[in-house]
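We use all heavy atoms of the structure for the numbers below, so side chains are in, but hydrogens, waters and symmetry mates are not. Note that ligands are numbered from 1 as they come in the structure, with each ligand's atoms numbered from 1 the same way. Treat the numbers as computed from the prediction; the structure is a model and nothing was measured.
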Amino acid sequence: MSMISCLPVSDPDCSGLDRARAMIAAWQLDKAWIGGEWRGADSREEIVVINPATGKKIGAVPFLRTSETRRAIDAADAAFAGWAGLLASERAGFLKRWRDLMIDHQEDLACLITAEQGKPIDQARREVVGAIAYAEWYGEEARRAYGQTMPANQPDRRVIVQKHPVGVVAAITPWNFPLTMVVRKCAPALAAGCTVIVKPAEDTPLSALAVAKLAEMAGFPKGVFNVVTGQPGPIGEALTGDVRVRMLSFTGSTAIGKRLMVQCAETVKKLSMELGGNAPFIVFDDADIDAAVAGAMISKYRNAGQTCVCANRILVQDGVYDAFVAKFIAASLAQKTGDGFDAQTDIGPLINARAISKVERLITDAVAHGGVLHTASNIPDQGFFIAPTVITGLSTDAACFNEELFAPVAPIYRFATEADAIHLANHVKTGLSSYIYSRDIGRIHRVADALDVGVVGINDGTTSHEGAPFGGVKESGQGREGGHWGLEEYLEVKYLNIAL
Ligand code: ADP
């Protein structure tokens with residue numbers, strides 16, 4: 001067991017940002033976690049972590065490269081046999097302690113998420129609840145890596161199908177859910193008996209280091225769980241190029257995902273890829289319009305529009321177009337944009353200046369394709385903010401029909417028939433999430449069947465559920481996270497043919 005029995009937390013009455021700062025100092029979140037040791041970079045270089053609501057520094061983490069990543073692989077490889085050899089109930093015990101520690105430190109973790117990622121504190125609290133749910137689910141699921149027996153093809157044979165952990169797993173995670181994405185990958189991997197090396201996004205490494213601290217407290221053996229922070233290219237090459245790493249679990253952009261798939265081809269790694277989305281949000285004439293507006297508000301503006309399941313294309317049928325648009329614009333302009341620690345804030349900042357430039361390019365292009373902007377005017381004058389913006393009248397040739405906006409910007413397109421809606425929805429390269437608003441059960445099933453996606457929200461703007469299979473088709477990736485499907489990703493199948 002670790003020497004640490006209790007981590008100090010700051011005064012609960014201080015501001016959220018002060019609480020996050022105190023936590024970063026008290027938990028010493030300035031080192032990477034490799035082989036059961038907190039380590040700096042060989043070069044002593046650091047990456048500065050910025051609060052996107054202010055543009056100011058809140059921390060710094062090691063800028064690791066190839067050599068340190070190899071040490072993490074050495075550690076994960078050395079730890080694998082021992083970890084895989086534990087009873088499933090023993091691995092479950094570690095996961096349950098990890099989950100209990102997340103519960104003990106819920107508010108600290110939420111403040112840390114808002115400080116490094118920017119989302120409103122209530123959404124950060126919900127993210128922590130989500131991470132806890134994944135840790136809990138896989139603490140239970142560890143015992144259910146069931147195999148099978150099957151009828152043999154000869155009388156004196158027996159056939160057994162067993163499940164085995166894949167081996168050392170590399171998990172590369174994004175910045176939009178800096179805590180949940182780490183736990184959603186690592187909890188099932190650890191439950192299955194794999195050891196893990198996490199590379200969090202450079203914008204939000206602190207939440208990953210915080211869960212490593214909690215893993216240390218939970219007593220995970222050295223090398224079972226590692227976190228490397230630093231330069232994505234060299235770390236990614238070290239992880240994907242090493243034959244000892246047997247699987248890559250990646251969440252991020254389709255462009256980087258494709259590159260990593262190529263890199264993994266050389267050693268034929270198992271892949272779980274959760275890539276970009278471009279969710280259609282389809283409102284039919286028979287929908288409950290108020291419910292559709294409420295669902296679109298959640299789906300579009302959660303996390304400032306920075307989720308891969310955010311409504312990226314709102315498709316509205318002729319008969320309710322005017323009513324929907326009027327209500328959606330009114331609700332959008334009433335959103336308050338600001339610092340995530342301000343209790344009044346609905347929409348926080350974007351992650352960085354690059355994200356602002358990208359969405360500004362897409363807005364300019366939408367206007368060039370006939371778009372009319374309906375936008376709020378009040379946004380803070382520091383940090384990476386963009387006002388909620390609804391775009392009407394744009395053509396489907398606009399770049400944002402095919403590209404993820406990842407911002408609180410909502411293009412609305414008009415359609416005439418059910419067939420038109422399906423055609424528009426599917427006429428893109430990706431297929432992750434989608435939403436249908438209708439009260440016609442026949443139509444709901446017809447359209448849900450026809451959509452080329454992995455997830456369909458029906459009369460609901462949220463679909464998150466730790467027990468459900470989350471993932472996409474086409475260029476949105478392969479594999480599923482959540483539920484038993486999530487555990488299976490980290491298991492290999494071995495078939496035994498026995499002559500009696
Ligand atoms: P986004 O564009 O939303 O930031 P990315 O796909 O660039 O999404 O980032 C997702 C994750 O992939 C992050 O952890 C990032 O550091 C990592 N990443 C980016 N480029 C590479 C690369 N060349 N090799 C490995 N990981 C990378």
query: Can you list the residues that meet the side-chain hydrogen bond (donor to acceptor under 3.5 Å, both in side chains) rule with Glu404, with sequence neighbours excluded?
result: none
field: Arg125: side-chain hydrogen bond (donor to acceptor under 3.5 Å, both in side chains) partners, not counting sequence neighbours
entry: Glu107, Asp122
statement: Using heavy atoms and a strict 4.0 Å limit, residues surrounding ligand 1 turn out to be Ile172, Thr173, Trp175, Lys199, Pro200, Ala201, Glu202, Pro232, Gly233, Gly236, Phe250, Thr251, Gly252, Ser253, Ile256, Arg259, Leu260
field: Main-chain N/O of Val49 paired with Glu116 side-chain donor or acceptor, under 3.5 Å
entry: no
Under the salt bridge (Lys or Arg N to Asp or Glu O under 4.0 Å) test, residues paired with Glu141 that sit two or more places apart: Arg144
field: Residues Lys31 and Glu46 bridged, charged N to O under 4.0 Å
entry: no
message: Quick test of your reading of the model: are Arg361 and Glu403 salt-bridged, counting only N-O distances below 4.0 Å?
response: yes
